[in-house]
Amino acid sequence: MAKYRIGLGVTGGIAAYKAVEVLRLLQKADCDVSVAMTRHATEFVQPLTFRALTDKHVIVDDYDPENPDPIAHINFSQEIDLLLIVPATANIIGKFANGVADDFLSSTYLATTAKVMVAPAMNTTMWEQPATQRNVTQLKADGVHFVEPVAGELACKTVGTGKLEDVENIVKQAISLLVQGPKSKAPSQEQVVETLDIGHGTLDLKGEHFLITVGGTREAIDPVRFISNHSSGKMGFAVAEAAAVRGAKVTVVAGVTTVDPPANVKVIRAVSAEDMHAAVKAEIANATVFVGAAAVADYAPANAADAKIKKDGRDVMTLELKKTPDILSEVSKNRHDGMLVVGFAAETNDVVGYARSKMEKKGLDLVVANDITKAGAGFNTDTNIATILTRSGGEIELPLMSKREMADRILDEIVRLRKG
Ligand code: PMT
């Protein structure tokens, strides 16, 4: 008996071919999948492909004489636990959001009582259009779950947000949603981990406990002013999410971030470098892997004023700064047996050179070196470009990719280190 019954809806975008891989992964995760397609989707992928893989009729049009079930949109919609749309075009999102039911898939959406998850894929301009975003907001308010599109190079050769999320992540999020069941509370870490085993060792971090610093810090000058940086937390949270999905227990010490933490991780807030240092000290004993993704201030005002510093007509204000605790170095120096320590290096020139010297000075196992001046890399971007340095002298080039994909690549190197 299959674990879950999934209605896979395929719509007419260039990413339609990826629905085949989603189907295969769902079947590997012991799901029973039925496929429906919009007429436009059949321009990109033949229904026969899905029929061969599911051994079931692929529904495009209710009224197709070949369709064995004249009220398929009712039966199909009632016999699934999840309606998963991959890819979801702006058109189908608009139809769902406005109750348009002029084809099989849009009728099925209105007729189903199952959970619904959509994975959008489209040109960045289309994705960012107010009309599209209005429809997305409406669907989220209606309870539809989204696998957010990622940033990267799109089929139309532009770079930006709109690319279909990685197929394995789509499947992991779909299964994770199903694990929650109709009424149960959010799945426990173990439940999600057990269910997400879709082959190829994707639970390769089970048993690890990650401690990750994320985001920027704020160093007070006085009660009004502070010194900070541009870190959004996206990179660190991406590592946290990827590690949790691959089976690790994850604790995040988060400074100032502009995005929300992922699900299934423990979050400890720490605003200043001192706060972050104290939080890491309190948590490090249980960690098997430490990742320093945060942009921690190297210096902070030596004496933060208790009251707002008055200008008094001064043209120049001089601040005396003192060094902050180097969290990464301290963790590395005091590591317990078997712990892996991974650092990041945010550089503007001689990136690999500076990163390698950091690795040697701090005794790190891996360093992720990113040039924060490169377009699409560094602070507050959805993408990054980096080089992973290993202690054995290796350099793994990571070209422009989403931070979520980069996170998986970093974890792949951690798994490689573990395997020796
Ligand atoms: O958060 P995003 O907007 O996604 O941006 C991601 C990022 C650019 C912040 C990230 O990719 C990154 O490069 N993080 C490290 C930023 C940084 O402070 O680099 P650094 O070269 O100054 O520090 C080197 C290492 O020491 C880092 O692992 C840092 O976390 C750590 N450090 C630094 C100072 C300090 N007092 N304690 C530390 O632990």
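Numbering of ligands and ligand atoms starts at 1, following listing order. Note that the coordinates shown come from a computational prediction; the quantities given were computed from them, not determined experimentally.
- Residue Thr213 has no N or O atom closer than 3.5 Å to an N or O atom of ligand 1.
- Atom numbering of ligand 1 starts at 1 in the shown order; those under 4.0 Å from a heavy atom of Ile327 are 37 (N), 38 (C), 39 (O).
- Listed by atom number, the atoms of ligand 1 under 4.0 Å from Gly343 heavy atoms are 28 (O).
- The Thr324 neighbourhood of ligand 1 comprises atoms 36 (N), with distances under 4.0 Å to a heavy atom of that residue.
- Screening Leu340, Asp365, Ile327 against Phe290 for a side chain to side chain contact (heavy atoms under 4.5 Å, CB included) leaves a single residue, Ile327.
- Counting only non-hydrogen atoms, the option in Lys358, Glu347, Met276, Lys234 that gets closest to atom 20 (P) of ligand 1 is Lys358.
- The atoms of ligand 1 that sit less than 4.0 Å from any heavy atom of Ala297 are 36 (N).
- Figure legend: cation-pi geometry between Lys140 and Phe146, with NZ or CZ positioned under 6.0 Å from the six-membered ring centre and within 45° of its axis.
- Residue Met235 has at least one nitrogen or oxygen atom sitting less than 3.5 Å from a nitrogen or oxygen atom of ligand 1, judged on distance alone.
- Protein heavy atom closest to atom 14 (N) of ligand 1, with residue, atom name and distance, is Ala293 O, 3.0 Å.
- Under the 4.0 angstrom criterion for non-hydrogen atoms, Gly236 is not in contact with ligand 1.
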Derivation of the salt bridge (Lys or Arg N to Asp or Glu O under 4.0 Å) call for Lys95 and Asp102: CA-CA 9 Å; Lys95 284 186 181 177; Asp102 65 356; 2.7 Å; yes
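- Nearest protein heavy-atom neighbour of atom 11 (O) of ligand 1: Asn370 OD1, 2.6 Å.
- Residue-level proximity to ligand 1 for Ala273 is absent, since no heavy atom of it falls below 4.0 angstrom.
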Check against ring-ring contact (aromatic ring centres under 6.0 Å, His included), Phe76 and Phe104: CA-CA 10 Å; Phe76 183 99; Phe104 176 77; 5.4 Å; yes
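- Counting only heavy atoms from C-beta outward, the side chains of Ile388 and Ile410 approach each other to under 4.5 Å.
- Looking at atom 4 (O) of ligand 1, its nearest protein heavy atom turns out to be Lys403 NZ, 2.6 Å.
- Listed by number with element, the atoms of ligand 1 under 4.0 angstrom from any heavy atom of Ala345 are 21 (O).
- Not a single heavy atom of Ala238 sits less than 4.0 Å from an atom of ligand 1.
- The shortest contact between atom 34 (C) of ligand 1 and any protein heavy atom is with Asp298 OD1, 3.2 Å.
- Close approach to Lys362 involves these atoms of ligand 1, each under 4.0 Å from a residue heavy atom: 26 (O).
- At under 3.5 Å, not a single nitrogen or oxygen of Ala295, backbone or side chain, sits near a nitrogen or oxygen of ligand 1.
- For atom 26 (O) of ligand 1, the closest non-hydrogen atom on the protein side is Leu328 CD2, 3.5 Å.
- Using a 4.0 Å cut-off to heavy atoms of Gly378, the atoms of ligand 1 that qualify are 5 (O), 6 (C), 8 (C).
- Nearest protein neighbour of atom 19 (O) of ligand 1, counting heavy atoms only, is Ala346 N, 3.3 Å.
- Protein heavy atom closest to atom 30 (O) of ligand 1, with residue, atom name and distance, is Ala294 O, 2.6 Å.
- Among all heavy-atom pairs drawn from Asp371 and Ala377, the shortest one is O-CB, 3.6 Å.
- For atom 24 (C) of ligand 1, the nearest non-hydrogen atom from the set Tyr299, Tyr354, Phe344 comes from Phe344.
- The ligand atoms of ligand 1 that sit less than 4.0 angstrom from a heavy atom of Ser232 are 1 (O), 2 (P), 3 (O), 4 (O).
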